[in-house]
There are 2 protein chains.
Amino acid sequence: MKRKSLEAAPCPVARSLDVIGDWWSLLIVRDAFLGRRRFGEFQKSLGLSKNILTQRLRGLVDDGIMTQVPASDGSSYQEYALTPKGRDLHTVILALRQWGEDHCFDAEPCPTALVERATGKPVRRLTVQAEDGRPLGLGETMVVAPAG
Amino acid sequence: MKRKSLEAAPCPVARSLDVIGDWWSLLIVRDAFLGRRRFGEFQKSLGLSKNILTQRLRGLVDDGIMTQVPASDGSSYQEYALTPKGRDLHTVILALRQWGEDHCFDAEPCPTALVERATGKPVRRLTVQAEDGRPLGLGETMVVAPAG
DNA sequence: CCACTTGGTTCCATAATGCAACCACCTGGA
DNA sequence: TCCAGGTGGTTGCATTATGGAACCAAGTGG
């Protein structure tokens, strides 16, 4: 009776969620985007227990999303850094961020924003677009099996 | 010792994950995008047990992501349909899809693709962009607190 | 009116989570 | 050099969530 695995599912969404779909992994990745690299930083920031953090970090390393690297401050500790595969989660995190900004702050205003570092201007909103850039609504897309 | 709630977190990513960050909710939403509407359809497609599906659907309805509507075939059963809030998850699902296509099909080719219905051409790749459309790498963005 | 489908609920065993205590190694200062 | 504290974990145990199966009521089709 273990948790159902989706790793063999044909759908890429299911496979992604099988890897990063638990409660903490994406938050750890988000923290890594924010520059956090040390075990203690993640633990303090997320407020999760250390055994769970250990499990999750190990999972992220096993899945090639993060790697352990020597600490940048010269100490003999190790740090966790995103791999290219982990950095590719940027759009996933941004999509979640924009949805949360729109729908999870009913009363209060959302206290943070993602901006371009050079200009300080907010990042452009993600939209589903056709090949040529036309915006596509929900009914204008479909999922197909290319080489049935 | 219940699962830690992130609903009061200041970060919109955390709040999003608090709502849709469990193993099944986003997959149900994905199925809804694919046109599935009935309890039985979700259950057969996802292969999850009915009690869990009941819980998740109830949660999605409570959170305003889906609603129960009278069945479209005239029977007295009910169906589950996405609300506008649920439809806004389209970019989140697409981001997960693209990441999965890139990183979760090492050996085999990914068997499905999201295409524009009218043309059959694949949807454009999501990227993080500046206000004017320039692509932004990971180091070119930062999170700020607008009205500190 | 009766069999079958649909959409659940209930019960129970098992896995995941969270807290706290513990521990080894590293580091910095006296 | 020695020891206090920080870092990065592990272990044990209580509590929750998950998953499977059995059960059940209302709807539906013949």
Side-chain angles (χ1 to χ4, degrees), chain A residues 1-9 14 17-28 31-32 35-63 66-81, chain B residues 1-9 14 17-29 31-32 35-63 66-82:
Chain A
M1 273 164 221
K2 56 179 56 163
R3 188 210 281 130
K4 188 156 283 218
S5 168
L6 303 164
E7 95 187 292
L17 290 172
D18 190 62
V19 178
I20 47 150
D22 69 284
W23 274 97
W24 293 113
S25 295
L26 270 180
L27 286 171
I28 295 170
D31 266 22
R36 294 191 248 267
R37 306 169 62 85
R38 299 282 284 250
F39 186 96
E41 288 183 292
F42 292 121
Q43 205 234 326
K44 191 164 53 149
S45 153
L46 298 171
L48 84 174
S49 53
K50 300 203 282 181
N51 51 354
I52 304 294
L53 179 56
T54 301
Q55 277 180 37
R56 291 298 179 270
L57 285 171
R58 200 150 11 232
L60 289 169
V61 169
D62 288 348
D63 290 327
M66 305 189 84
T67 26
Q68 280 197 283
V69 298
S72 46
D73 62 359
S75 75
S76 71
Y77 293 113
Q78 295 236 283
E79 293 181 345
Y80 294 89
Chain B
M1 273 163 221
K2 56 178 55 162
R3 189 210 281 131
K4 187 154 286 215
S5 167
L6 303 165
E7 94 188 293
L17 289 173
D18 190 61
V19 178
I20 47 150
D22 68 284
W23 274 96
W24 293 113
S25 294
L26 270 180
L27 286 171
I28 295 170
V29 172
D31 266 23
R36 294 190 248 266
R37 307 168 63 84
R38 299 282 284 251
F39 186 95
E41 288 183 292
F42 292 121
Q43 204 232 327
K44 192 165 53 146
S45 152
L46 297 171
L48 84 174
S49 53
K50 300 203 282 181
N51 52 356
I52 304 293
L53 179 56
T54 302
Q55 277 181 37
R56 291 298 179 270
L57 284 171
R58 206 164 347 247
L60 289 169
V61 169
D62 288 349
D63 290 326
M66 304 188 85
T67 28
Q68 280 197 281
V69 299
S72 46
D73 62 357
S75 75
S76 72
Y77 292 114
Q78 296 236 285
E79 294 181 345
Y80 294 90
L82 290 166

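So you know, we letter chains A, B, ... as the sequences are listed, proteins then strands, and number each from 1.
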Chemist: OP1 or OP2 of C:dG18 versus the side-chain N and O atoms of A:Trp24: is any pair under 4.0 Å?
Modeler: yes
Chemist: Just wondering, do B:Arg37 and B:Val69 contact through their side chains at under 4.5 Å, heavy atoms?
Modeler: yes
Chemist: Run the side-chain hydrogen bond (donor to acceptor under 3.5 Å, both in side chains) test against A:Asp22 and tell me which residues pass, sequence neighbours left out.
Modeler: A:Ser25, A:Arg56
Chemist: Check whether any side-chain nitrogen or oxygen of B:Ser76 sits under 4.0 Å from OP1 or OP2 of D:dT28, and answer yes or no.
Modeler: yes
Chemist: Indicate for each nucleotide in nucleotides 4-11 of chain C, in 5' to 3' sequence, whether protein heavy atoms under 4.0 Å reach the base (B), only the sugar-phosphate (S), or nothing (-).
Modeler: -BSBBBBB
Chemist: Can you figure out which of D:dG20, C:dT27, D:dT18 approaches the side chain of B:Ser49 most closely?
Modeler: D:dG20
Chemist: Rounded to whole Å, how long is the line connecting atom CZ of A:Arg56 with atom C1' of D:dG8?
Modeler: 18 Å
Chemist: Ignoring hydrogens and geometry, is there a side-chain-to-backbone donor-acceptor pair from A:Gln43 to A:Leu48 under 3.5 Å?
Modeler: yes
Chemist: If I take atom CG in residue A:Leu48 and atom C1' in nucleotide C:dA20, what distance separates them, rounded to the nearest angstrom?
Modeler: 15 Å
Chemist: Which pair of heavy atoms, one from B:Lys50 and one from B:Phe39, lies closest together, and at what distance?
Modeler: O-CZ, 3.8 Å
Chemist: Rounded to whole angstroms, how far apart are CG on B:Leu27 and P on D:dT18?
Modeler: 13 Å
Chemist: Taking all heavy atoms of A:Met66 and all of A:Phe42, pick out the closest pair and write down the distance.
Modeler: CE-CZ, 4.1 Å
Chemist: Nearest-Å distance, CH2 (B:Trp23) to C1' (C:dT17)?
Modeler: 14 Å
Chemist: Let me know, please, whether A:Ile52 or A:Gly74 comes out on the 5' side of the other along DNA chain C by nearest nucleotide.
Modeler: A:Ile52
